[in-house]
Amino acid sequence: MPTSRTTPRRILVGVLGATAALALTACGGVKTTSSGGGDGKYPTGNIEFSVGASAGGSSDLITRSLAQGMSKELGVSTPVLNKPGANGALAAKELQSAKADGYKIAVQNASLFTITPLTVSAAEATKIDSFEVITGVSRDDYVMATNPKSGFTSIEDMKKAGKAIRYGTTGVGTGAQLASALTFKSAAIEATAVPFDGGAPNLTALLGNQVDVSTMQVGEAIENIKAGKLVPLAVFSEQRIPFLPDVKTAKEQGFDVLVTQYRFLTAPKGTPADVKTRLLDAAKKTFATPEYKKFNEDNSLTPMEVAPEEVLSSLKNDSTTYKAQLDKFGISLAG
């Protein structure tokens, strides 16, 4: 494990700069055709990556790093467009309607398919069978943390406090919301959710002591944890994570709460097999580079570079498990 980390902001600047340079190069010599016609083999033009989140967050950083590497492998420019809204549903809907030729693709979040459907009607839910999964990408773990002023060091401490807890999350229909709600219900702790629109405002509120605790992705909290500005209470993985080896899991503390975020590369349904193979090959070569491996380490990401079948199996199992847990405790995530 590395002994120091590059902050997401610094990484974003580097990735943005590299992407901009690639775009300028494309203007000088790469065709900008947006479909795969003609006699050339795929790809013959730019490949657009869409992100269903604002710039600077985990989804954006992961997409830009992957796009940068795949651009080098495929020999074309790979512009990244941010299309935030509804936990990625707006960008997913646009991708779903795009031409299935491999020129519009996206890294998508598991929570859009496993948790968001628990907050909306069946007609509004985004379905994974509307897309082709190219490959798994990486996993983000969640950590519940508190401001040192609270005096809490564990889930049990909150229970002993004998007061209602105000907890921040990164939004409705997210893993942060689910992990928090399950924890407080299973521990019989009276608590009120305070949803924020993303990790940045959630973190700011916690640092400002505006909420008692918050759950967020490890990469969003780890610098402040290491600096002593936040105290970690639990992680929600099956086992302790290497980035925070001294932090107990919720399961170790007696609460069966397992929630992770993972991401995978997708294309519109019906994308030709040879195009999917080309994209997969470029992604695998990118995963193997020292630069991409360092990016994962710097951002506390665990590689989940698995076959589409494994991604689909995980989505199905998680959807079933989360629904059963919410039903068991009578929890509604609908905001």
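Here the structure is a predicted model, which means the values were calculated and not measured.
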Requested in this report: Examine distances only and state if a side-chain atom of Glu310 and a backbone atom of Ala307 form a donor-acceptor pair shorter than 3.5 Å.
Outcome: no
Query raised in the report: Do Thr146 and Leu230 come within less than 4.5 Å of each other through their side chains, counting heavy atoms only?
Result: no
Query raised in the report: Would Lys229 and Glu223 satisfy salt bridge (Lys or Arg N to Asp or Glu O under 4.0 Å), going step by step from the backbone distance to the final call?
Result: CA-CA 9 Å; Lys229 295 179 181 180; Glu223 289 297 334; over 6 Å; no
Query raised in the report: Any side-chain donor paired with an acceptor under 3.5 Å for Thr271 and Asp101?
Result: no
Query raised in the report: Do Met304 and Thr135 touch side chain to side chain, with heavy atoms closer than 4.5 Å?
Result: no
Requested in this report: Could you state whether Val311 and Tyr322 fall into the same hydrophobic cluster, counting links through intermediate Ile, Leu, Val, Met, Phe, Trp or Tyr residues with side-chain heavy atoms under 4.5 angstrom apart?
Outcome: no
Query raised in the report: Is it true that atom CD of Glu190 has more than 12 heavy atoms of other residues, nucleotides or ligands lying nearer than 6.0 Å?
Result: no
**Report entry** Nearest heavy-atom neighbours spanning Ala161 and Phe152
**Finding:** CB-CE2, 3.8 Å
Requested in this report: Using a cut-off of 6.0 Å, state whether more than 12 heavy atoms not belonging to Lys127 lie near its atom NZ.
Outcome: yes
Would you tabulate the side-chain donor-acceptor contacts of residues 231-238 under 3.5 Å, counting partners in other chains and residues two or more places apart, or write 'none'?
from   : atom 1 : to     : atom 2 : distance (Å)
Ser237 : OG     : Gln239 : O      : 2.5
Glu238 : OE2    : Lys251 : NZ     : 2.9

Report task. Scan side-chain atoms only and decide if Asp318 and Ser314 contain a donor-acceptor pair under the 3.5 Å cut-off. Result -> no
Requested in this report: Answer with yes or no whether the hydrophobic clustering places Val137 together with Leu112; edges join I, L, V, M, F, W, Y residues whose side-chain heavy atoms lie under 4.5 Å apart.
Outcome: no
Query raised in the report: Is a side-chain donor-acceptor pair under 3.5 Å present for Thr266 with Gln108?
Result: yes
**Report entry** Derivation of the side-chain contact (heavy atoms from CB on, under 4.5 Å) call for Val51 and Val80
**Finding:** CA-CA 7 Å; Val51 183; Val80 176; 3.5 Å; yes
Query raised in the report: When you check the side-chain N and O atoms of Arg139 and Asn296, is any donor under 3.5 Å from an acceptor?
Result: no
Query raised in the report: Should the ring pair Tyr292 and Phe287 be called parallel, tilted or perpendicular, given that the plane angle runs from 0 to 90° and is split at 30 and 60?
Result: tilted
Report task. Check step by step if side-chain contact (heavy atoms from CB on, under 4.5 Å) holds for Ser214 and Leu203. Result -> CA-CA 7 Å; Ser214 287; Leu203 175 61; over 6 Å; no
**Report entry** Any Lys99 side-chain heavy atom under 4.5 Å of Lys104 side chain
**Finding:** no
Query raised in the report: Taking side chain as C-beta onward, heavy atoms only, is Asn317 less than 4.5 Å from Ser313?
Result: yes
Query raised in the report: So do the side chains of Leu90 and Glu94 get within less than 4.5 Å of each other, counting heavy atoms only?
Result: no
Requested in this report: Please check if atom NZ in Lys269 has more than 12 non-hydrogen atoms from other residues, nucleotides or ligands closer than 6.0 Å.
Outcome: yes
Query raised in the report: Which pair of non-hydrogen atoms, one from Thr78 and one from Ser71, has the smallest distance, and what is that distance?
Result: OG1-CB, 3.3 Å
**Report entry** Side chains of Thr183 and Ile189 in contact at under 4.5 Å (non-hydrogen atoms)
**Finding:** no
Requested in this report: Heavy atoms only: give me the nearest Ala187-Lys159 pair and the separation to one decimal.
Outcome: O-CE, 3.2 Å
**Report entry** Residue pairs fulfilling ring-ring contact (aromatic ring centres under 6.0 Å, His included) with at least one residue in residues 158-178, sequence neighbours excluded
**Finding:** Tyr167-Phe184
Query raised in the report: Can you tell if the side chain of Thr302 reaches within under 4.5 Å of the side chain of Tyr262, non-hydrogen atoms only?
Result: no
**Report entry** Test item: Ile47 and Phe49 side chains (from C-beta on) under 4.5 Å apart, heavy atoms
**Finding:** yes
Query raised in the report: Does a donor on one side chain and an acceptor on the other come within less than 3.5 Å for Tyr142 and Thr169?
Result: no
Query raised in the report: Closest approach of Asn109 and Ser59, non-hydrogen atoms and distance?
Result: OD1-OG, 3.0 Å
Query raised in the report: Do we see a donor-acceptor contact under 3.5 Å between the side chains of Thr174 and Gln177?
Result: no
Query - Parallel, tilted or perpendicular: rings of Phe113 and Phe264 (30°, 60°) - result: tilted
Query - side-chain hydrogen bond (donor to acceptor under 3.5 Å, both in side chains) evaluation trace for Gln261 with Ser111 - result: CA-CA 6 Å; Gln261 176 72 291; Ser111 60; 3.0 Å; yes
**Report entry** Check ion pair Asp140-Arg263 (N to O, under 4.0 angstrom)
**Finding:** yes
Query raised in the report: Can Asp274 and Lys276 be counted as an ion pair, charged N to O under 4.0 angstrom?
Result: no
Query - Salt bridge Lys83-Glu48, side-chain N to carboxylate O under 4.0 Å - result: yes
